[in-house]
Number of protein chains: 2
Amino acid sequence: MQPKQILREHVAKIAKLNDEEFENFFNRFELRSYKKGQTIIAAGDSVDREYFVLSGCLKSFYINDDLKMFILQFAMPTWWTSDYNALYTNAKATISVDCITDAEVLSLSNENREALCREIHQAEHFFRWRTNRGYVASQKRLLSMMNNDVKHRYEELMAQYPELYQIVPKQLIAAYLGVSRETLSRLHH
Amino acid sequence: MQPKQILREHVAKIAKLNDEEFENFFNRFELRSYKKGQTIIAAGDSVDREYFVLSGCLKSFYINDDLKMFILQFAMPTWWTSDYNALYTNAKATISVDCITDAEVLSLSNENREALCREIHQAEHFFRWRTNRGYVASQKRLLSMMNNDVKHRYEELMAQYPELYQIVPKQLIAAYLGVSRETLSRLHH
DNA sequence: ATCCAACTGTGATCTACATCACAAACAACT
DNA sequence: AGTTGTTTGTGATGTAGATCACAGTTGGAT
């Protein structure tokens with residue numbers, strides 16, 4: 001399917017844009033391709049874009065002082081990702097984003113998003129709902145983190161995204177669950 | 001300060017509403033007062049409102065099968081709270097909200113929020129930014145949960161909201177940090 | 001002032017998970 | 001096919017924090 005069509009169907013679920021509006025909407029994006037392992041945002045970078053995944057799988061992650069990695073999100077097709085704190089506040093990135101597989105994305109600058117939101121009321125509506133969903137998902141994950149043990153969290157993740165099992169090395173799944181790769185490996189006993 | 005003025009200043013930080021628009025905005029809210037300990041949303045309820053805190057302190061929390069409580073948020077003046085999952089999806093509440101102290105709030109129905117967002121572009125803008133901030137804060141907390149030990153998380157919380165120490169029983173602070181009250185108590189050694 | 005309920009501190013013990021160390025399996029490139 | 005790096009499994013040991021039990025303390029209601 002065409003990038004334009006993918007985005008159109010995604011947006012149509014939430015916002016009603018006529019052809020002219022969607023044309024304007026789509027034209028604000030840039031199509032980009034990345035290879036497996038390529039970095040899109042590195043910690044320390046200035047961040048002025050967010051990314052809508054068309055194909056492949058990205059991860060957004062934080063690396064602490066002991067060089068331990070924590071994964072915030074696996075971004076699959078039709079997911080959005082960036083370092084939103086940096087993007088919204090003009091701070092330097094503390095979250096990095098890179099490619100787990102080859103990937104195609106549509107990238108949108110902060111400036112263009114805000115322009116769209118100004119020009120097209122329904123665009124603002126769309127981005128409001130997108131973040132609402134993200135917020136609810138993030139709270140759910142926080143609760144699961146506090147409430148459930150690793151096994152439970154692992155099964156939850158696999159139930160929700162079975163395709164991850166194929167694509168993503170287990171040490172990355174461990175970094176998402178907030179557990180050591182050794183402990184994750186021992187789960188199958 | 002008057003409820004109207006508190007809301008006006010809060011909204012003005014993000015959205016530009018003229019007098020007429022703000023009048024419409026404000027009139028959609030209902031002023032409510034609650035006593036310490038009163039429940040605003042109980043798990044299992046239908047949820048059709050969210051709450052803007054004028055004075056006092058609320059908590060939003062989840063209680064698991066073992067009757068253990070986890071606190072999502074302490075809602076202080078100018079904070080918003082609800083069970084947003086339930087509110088957005090029309091599901092029954094899994095998150096409860098009640099009053100840690102006597103409190104005054106402005107409540108806004110889902111319907112009225114959506115009407116405002118339809119009628120006033122800047123209202124939609126406001127609610128988009130409010131959730132953006134919440135989303136970023138929630139991700140930060142998730143990372144801190146995975147990365148830092150209890151002591152670190154406790155100091156972080158106290159640095160950010162020193163007033164909590166006075167108002168909130170320590171067992172509730174423990175429930176926010178995701179730790180037992182005994183462990184929190186032993187932190188001061 | 002007194003009573004009851006909610007809150008806080010502290011010891012003893014238990015457990016989920018981390019860390020370290022090493023070996024085996026797998027993939028990728030030349 | 002062989003070399004190199006990346007990923008996974010598994011044993012041994014260490015530790016942060018949970019849980020249970022009980023005592024002391026605070027605070028609101030009558």
Side-chain angles (χ1 to χ4, degrees), chain A residues 34-39 56-57 59 61-71 74 98-102 142-158 164-189, chain B residues 34-39 56-57 59 61-71 74 96 98-103 142-158 164-189:
Chain A
Y34 296 94
K35 289 283 165 201
K36 178 175 176 174
Q38 244 188 302
T39 297
C57 181
K59 67 176 191 284
F61 59 100
Y62 171 75
I63 295 192
N64 75 4
D65 300 342
D66 304 332
L67 302 183
K68 209 162 141 178
M69 179 195 297
F70 299 92
I71 294 181
F74 295 113
D98 71 14
C99 301
I100 295 177
T101 67
D102 290 358
L142 182 65
L143 271 184
S144 181
M145 203 72 202
M146 297 203 278
N147 193 10
N148 304 130
D149 66 9
V150 182
K151 189 165 191 185
H152 194 111
R153 267 144 51 210
Y154 176 72
E155 282 159 6
E156 216 169 53
L157 180 67
M158 286 303 122
L164 282 181
Y165 194 89
Q166 319 297 332
I167 302 173
V168 177
K170 306 228 164 154
Q171 47 183 333
L172 294 188
I173 292 179
Y176 179 92
L177 297 174
V179 79
S180 72
R181 57 164 204 85
E182 292 95 328
T183 297
L184 181 65
S185 164
R186 275 185 261 260
L187 239 53
H188 305 295
H189 302 324
Chain B
Y34 295 95
K35 289 283 165 202
K36 178 174 176 174
Q38 245 189 301
T39 297
C57 182
K59 67 176 192 284
F61 59 99
Y62 172 75
I63 294 191
N64 76 3
D65 300 341
D66 303 332
L67 300 185
K68 209 164 142 180
M69 179 195 298
F70 299 91
I71 294 182
F74 294 114
S96 308
D98 70 14
C99 301
I100 295 177
T101 66
D102 291 358
L142 182 65
L143 272 184
S144 181
M145 202 74 202
M146 296 203 279
N147 192 11
N148 303 131
D149 66 9
V150 184
K151 190 165 190 183
H152 193 111
R153 266 145 49 210
Y154 176 71
E155 282 160 4
E156 215 168 56
L157 181 66
M158 287 303 123
L164 283 182
Y165 194 88
Q166 319 297 330
I167 302 174
V168 177
K170 306 228 164 156
Q171 47 182 335
L172 295 187
I173 292 180
Y176 180 92
L177 297 173
V179 79
S180 72
R181 57 166 203 81
E182 292 94 328
T183 298
L184 181 65
S185 162
R186 275 185 262 260
L187 239 54
H188 305 295
H189 303 325

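A note on names: the letters A, B, ... follow the listed sequences, proteins ahead of strands, and every chain is numbered from 1. Predicted, not measured: the structure shown is a model, and the values here were computed from it. The figures here come from the full heavy-atom set of this structure, side chains too, leaving out hydrogens, waters and symmetry mates.
Residues A/I173 and A/M158 are in side-chain contact: their nearest non-hydrogen atoms beyond the backbone lie under 4.5 Å apart. Between A/L164 and A/Y176 the shortest side-chain heavy-atom distance does not fall below 4.5 Å. Side-chain contact between A/E182 and A/Q171 is absent, with no heavy-atom pair separated by less than 4.5 Å. Counting only heavy atoms from C-beta outward, the side chains of A/F74 and A/V168 approach each other to under 4.5 Å. The shortest distance between side-chain heavy atoms of A/K59 and A/D98 falls below 4.5 Å.
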> Given A/F61 and A/F70, is the ring-ring contact (aromatic ring centres under 6.0 Å, His included) satisfied, shown in steps?
Replying inline: CA-CA 5 Å; A/F61 59 100; A/F70 299 92; over 10 Å; no
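At least one side-chain nitrogen or oxygen of A/K68 sits closer than 4.0 Å to the OP1 or OP2 atom of C/dT19.
Contact record, A/C57 with A/I167: CB-CG2, 4.4 Å, taken as the closest heavy-atom pair. Closest approach of A/Q38 to A/K35, counting heavy atoms only: OE1-N, 2.7 Å.
Between the CZ atom of B/R186 and the C1' atom of C/dT8 there is a distance of 11 Å, rounded to whole Å. Distance B/I173 CD1 to C/dG9 P: 11 Å, rounded to the nearest Å. Rounded to a whole Å, the CG atom of B/L184 is 16 Å from the P atom of D/dA16. The CG-C1' distance, from B/N147 to C/dA18, rounds to 14 Å in whole Å. Straight-line distance from the OH atom of B/Y165 to the P atom of C/dT8: 9 Å, rounded to whole Å.
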> Just the dot-bracket of DNA chain C, please: which string comes out with Watson-Crick or G-U pairs under 3.5 Å, [ ] for crossing, | for another strand?
Replying inline: ||||||||||||||||||||||||||||.|
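Between the side chain of B/R153 and the backbone N or O of B/N148 there is at least one donor-acceptor pair closer than 3.5 Å. When atom types are taken as modelled, the side chain of B/N64 and the backbone of B/D66 share a donor-acceptor pair closer than 3.5 angstrom.
Residues passing the side-chain hydrogen bond (donor to acceptor under 3.5 Å, both in side chains) test with B/K170 are B/Y165, sequence neighbours excluded. Applying the side-chain hydrogen bond (donor to acceptor under 3.5 Å, both in side chains) test to A/T39 and every residue at least two apart in sequence or in another chain returns nothing.
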Can you pull every protein N or O that's under 3.5 Å from an N or O on nucleotides 15-17 of chain C?
| from | atom 1 | to | atom 2 | distance (Å) |
| --- | --- | --- | --- | --- |
| C/dC17 | OP1 | A/V150 | N | 3.1 |

Output one line per pair: protein atom, nucleotide atom from nucleotides 21-28 of chain D, and distance, for all N/O pairs under 3.5 Å.
none

Show each protein N/O and nucleotides 5-7 of chain C N/O combination with a separation under 3.5 Å, one pair to a line.
| from | atom 1 | to | atom 2 | distance (Å) |
| --- | --- | --- | --- | --- |
| C/dC7 | OP2 | B/Q171 | NE2 | 2.9 |
| C/dC7 | O5' | B/Q171 | NE2 | 2.9 |

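The aromatic rings of A/H188 and A/Y154 sit perpendicular to each other, their planes meeting at more than 60°, with 30° as the lower class boundary.
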